[in-house]
*Asks:* 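Dumping the structure here so I can ask a few things about it.
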Amino acid sequence: MLLYTSLILVPIILTPVELLSKKLYTFLSLFLIWIVIAFRALTVGRDTLTYAQLYGQLAAQNLSGSSLLELVNGRFELGYVLLNKFLYVITPNPRILLIFAATIEMIAIGYFINKFSTSQSLSIILFITMNFLAFSMNALRQGLALTLVVLAVAFLIENNDWMYLVMVIGASFFHKTALIMLILYPIWKMKLTKKIVIAIFLVTIVVIFLFEKWFGFLTTSIDSYNSYQASAIGDGGGSTALYVKICILIVIIIFSCLSNRPKMEDTGIKPEFNLKIWKFFIVMLCISISITLIALQFSQINRIATYFDIAYLVLIPRAISTTKNANIRFLEHLCVIVMSSAYFLVVQLYRPEWFGIIPYHFGWL
């Protein structure tokens, strides 16, 4: 736990560097996080050991004829298998898989934060304390997909439609669930009003009401999801973590709406971002709440919401930056850091089984 506490304090200690160069600050802070993710022991993270054990097997996977069809319909996506094959040519040591995943994730997160955040330090602290770090050390395939999703969102906001599409499709080659990010395309092209938020929650009600029918169809029609059918029975969704997350997202949205919102509708990229981008990130968090509500029926669905959660990494700093009084702005920063750090520490101390990253050990080989 001391390691994670130190990791939270490092972005604060390096704050003077942020004043000199935001890019250098982001690099140094994320480099330390990269070390923690890339060189963790194989026992850190609930799925890390499994992926390490399957590394050689997937690298040896036959990709011809019926074997390829079985692979596409099976548990592991084609992109992930090809990545294992490519890395295995370099070295049979599965450590390279963790290093590669950590490297591209830090590059994507750094790009996203530098482009949209008004406070790199707060965004990086939120990355650690709001369990993106823990997620990165657990869901390896989805972590790779999330990396491309982060870039996809940036390209969409820049109106680079083709690159957005390439990133989302590419992400689906590591985790099929990434295809849900295609719904952001028509949303971004629309005029963002309250009607979209109302529509999202109306759809959510229908999806929850018809959950057993559509989820049963999904798990029986797609081979890779067959195992979920039995585990969904009795899942119930009475997870404390989900209720807590919903409350946190609601607070973030309310806080953002109460802040001094942008007045420009133009689509130019600015550090504080314009009104349309501000609305778009709020809609992303509304979608996350929607998915989390559905996940109360089957908790694993909540992993999909992580794609949309990236919005608050930049939305919270932006909301705080609009506070004109410097003293109040400092107190808001402090409150967010203290509350998010307390959340992280409580989860890791009292619910370590949720992520399996406690205790932490380095694994250099």
Side-chain angles (χ1 to χ4, degrees), residues 1-11 13-14 26-59 76 80-81 83-84 86-88 90-110 112-113 123-150 174-175 241 300 303 306 309-310 313 340-341 343-365:
M1 185 57 79
L2 180 61
L3 175 73
Y4 297 119
T5 305
S6 301
L7 208 57
I8 295 170
L9 292 175
V10 165
I13 296 170
L14 290 176
T26 303
F27 171 79
L28 291 175
S29 299
L30 293 181
F31 177 71
L32 295 174
I33 297 175
W34 174 81
I35 292 175
V36 172
I37 297 175
F39 294 100
R40 68 188 187 271
L42 299 182
T43 55
V44 178
R46 291 185 302 175
D47 298 334
T48 305
L49 185 59
T50 300
Y51 283 116
Q53 292 171 337
L54 291 171
Y55 176 61
Q57 297 178 35
L58 293 175
F76 295 104
Y80 182 71
V81 174
L83 176 63
N84 278 254
F86 171 75
L87 295 177
Y88 197 84
I90 300 173
T91 174
N93 188 336
R95 172 65 53 193
I96 192 174
L97 187 59
L98 304 185
I99 292 174
F100 177 83
T103 301
I104 63 170
E105 182 178 10
M106 291 302 99
I107 291 173
I109 291 297
F112 186 74
I113 288 174
S123 292
I124 291 171
I125 289 171
L126 289 170
F127 178 85
I128 299 168
T129 58
M130 298 305 289
N131 290 314
F132 280 96
L133 172 66
F135 181 82
S136 300
M137 292 193 282
N138 276 274
L140 183 59
R141 287 183 299 126
Q142 195 174 355
L144 289 165
L146 179 63
T147 296
L148 297 181
V149 162
V150 168
F174 291 100
H175 210 278
Q300 288 198 42
R303 283 192 169 191
T306 306
D309 291 339
I310 59 172
L313 292 180
S340 64
S341 297
Y343 169 70
F344 175 81
L345 295 174
V346 168
V347 168
Q348 299 309 326
L349 284 172
Y350 295 101
R351 290 292 185 271
E353 69 277 6
W354 286 357
F355 295 102
I357 64 172
I358 299 291
Y360 182 90
H361 301 288
F362 280 105
W364 301 108
L365 298 177

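Given the structure is predicted, the values throughout are model-derived calculations rather than measurements.
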*Asks:* Would a 4.5 Å heavy-atom cut-off, applied to side chains only, mark L28 and V10 as touching?
*Replies:*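 Not touching, per the 4.5 Å side-chain cut-off.
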*Asks:* Rounded to the nearest 0.5 Å, what's the gap from CD on Q142 to OG1 on T147? Could you check?
*Replies:* 11.0 Å
*Asks:* Could you tell me the separation between the OG atom of S123 and the CD1 atom of I109, rounded to the nearest 0.5 Å?
*Replies:* 9.5 Å
*Asks:* Would you say T103 and W34 make side-chain contact, with heavy atoms under 4.5 Å?
*Replies:*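 Result yes, sub-4.5 Å side-chain heavy-atom pair found.
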*Asks:* Roughly how far apart are L32 CG and I124 CD1, rounded to 0.5 Å?
*Replies:*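 One finds 9.5 Å between CG of L32 and CD1 of I124.
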*Asks:* E105 and S136: side chain to side chain donor-acceptor pair (under 3.5 Å), yes or no, with the steps?
*Replies:* CA-CA 9 Å; E105 182 178 10; S136 300; 2.5 Å; yes
*Asks:* Please report the interatomic distance OG1(T26) to CG(L14), rounded to the nearest 0.5 Å.
*Replies:*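 So the OG1 of T26 and the CG of L14 are separated by 10.5 Å.
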*Asks:* Could you check whether any side-chain heavy atom of I357 comes within less than 4.5 Å of a side-chain heavy atom of N138, counting everything from C-beta outward?
*Replies:* yes
*Asks:* Quick one: CD1 on I8 to CD1 on I125, what's the gap to the nearest 0.5 Å?
*Replies:* 8.0 Å
*Asks:* Above 12 or not: heavy atoms from other molecules or residues under 6.0 Å from CZ of F362?
*Replies:*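 For F362, atom CZ is crowded (more than 12 foreign heavy atoms under 6.0 Å).
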*Asks:* Testing T48, T50, L97 for side-chain contact (heavy atoms from CB on, under 4.5 Å) with L140, which one passes?
*Replies:* L97
*Asks:* Would you say M130 and D309 make side-chain contact, with heavy atoms under 4.5 Å?
*Replies:* no
*Asks:* Apply side chain to side chain contact (heavy atoms under 4.5 Å, CB included) to L313 and list each qualifying residue two or more places apart in sequence or on a separate chain.
*Replies:*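 For L313 the side chain to side chain contact (heavy atoms under 4.5 Å, CB included) partners, ignoring immediate neighbours, are L126, F127, F132.
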*Asks:* I need the minimum non-hydrogen distance between I128 and L7, along with the two atoms involved.
*Replies:* CD1-O, 3.4 Å
*Asks:* Grab the two heavy atoms, one from W354 and one from A241, that are nearest each other, plus how far apart they are.
*Replies:* CH2-CB, 3.4 Å
*Asks:* So which atom in F174 and which in R141 form the shortest heavy-atom distance, rounded to 0.1 Å?
*Replies:* O-CB, 3.4 Å
*Asks:* Start with the C-alpha gap between I99 and F39, add the side-chain angles, then the distance that decides, and say whether side-chain contact (heavy atoms from CB on, under 4.5 Å) holds.
*Replies:* CA-CA 7 Å; I99 292 174; F39 294 100; 3.9 Å; yes
*Asks:* Considering non-hydrogen atoms only, spot the tightest contact between I37 and A102 and give its length.
*Replies:* CG2-CB, 3.7 Å
*Asks:* Determine the minimum heavy-atom distance between L146 and T306, stating which atoms define it.
*Replies:*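 What the structure gives for the nearest pair is CD1-O, 4.1 Å.
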*Asks:* Do any N or O atoms from the side chain of R95 and from the backbone of A38 form a donor-acceptor pair under 3.5 angstrom?
*Replies:*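 Indeed, once roles are kept as given, a pair shorter than 3.5 Å links the two residues.
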*Asks:* Is there a side-chain contact between N84 and L54 in this structure, where contact means two heavy atoms from C-beta onward sitting under 4.5 Å apart?
*Replies:*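 Of all side-chain heavy-atom pairs linking L54 with N84, none is under 4.5 Å.
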*Asks:* How about Q348 and N131: do any of their side-chain heavy atoms sit closer than 4.5 Å?
*Replies:* yes
*Asks:* Taking L87's backbone N and O only, do any of them form a donor-acceptor pair with Y55's side chain (distance below 3.5 Å, no angle check)?
*Replies:*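 Yes, Y55 side chain to L87 backbone: donor-acceptor pair under 3.5 Å.
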*Asks:* If you define the side chain from C-beta out and look only at heavy atoms, does anything of Y4 sit under 4.5 Å from L133?
*Replies:* yes
*Asks:* Could you list all the salt bridge (Lys or Arg N to Asp or Glu O under 4.0 Å) pairs where at least one residue sits in residues 42-59, not counting sequence neighbours?
*Replies:* D47-R303
*Asks:* Measuring from L30:CG to I107:CD1, what's the distance to the nearest 0.5 Å?
*Replies:*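 One gets 10.5 Å once the value is rounded to the nearest 0.5 Å.
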*Asks:* Using the ring-ring contact (aromatic ring centres under 6.0 Å, His included) criterion, which residues pair with F355? Sequence neighbours excluded.
*Replies:*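 Residues passing ring-ring contact (aromatic ring centres under 6.0 Å, His included) with F355: none at all.
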*Asks:* How close do F344 and T129 get, counting heavy atoms only, and between which atoms?
*Replies:*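 Closest approach of F344 to T129, heavy atoms only: CB-O, 3.3 Å.
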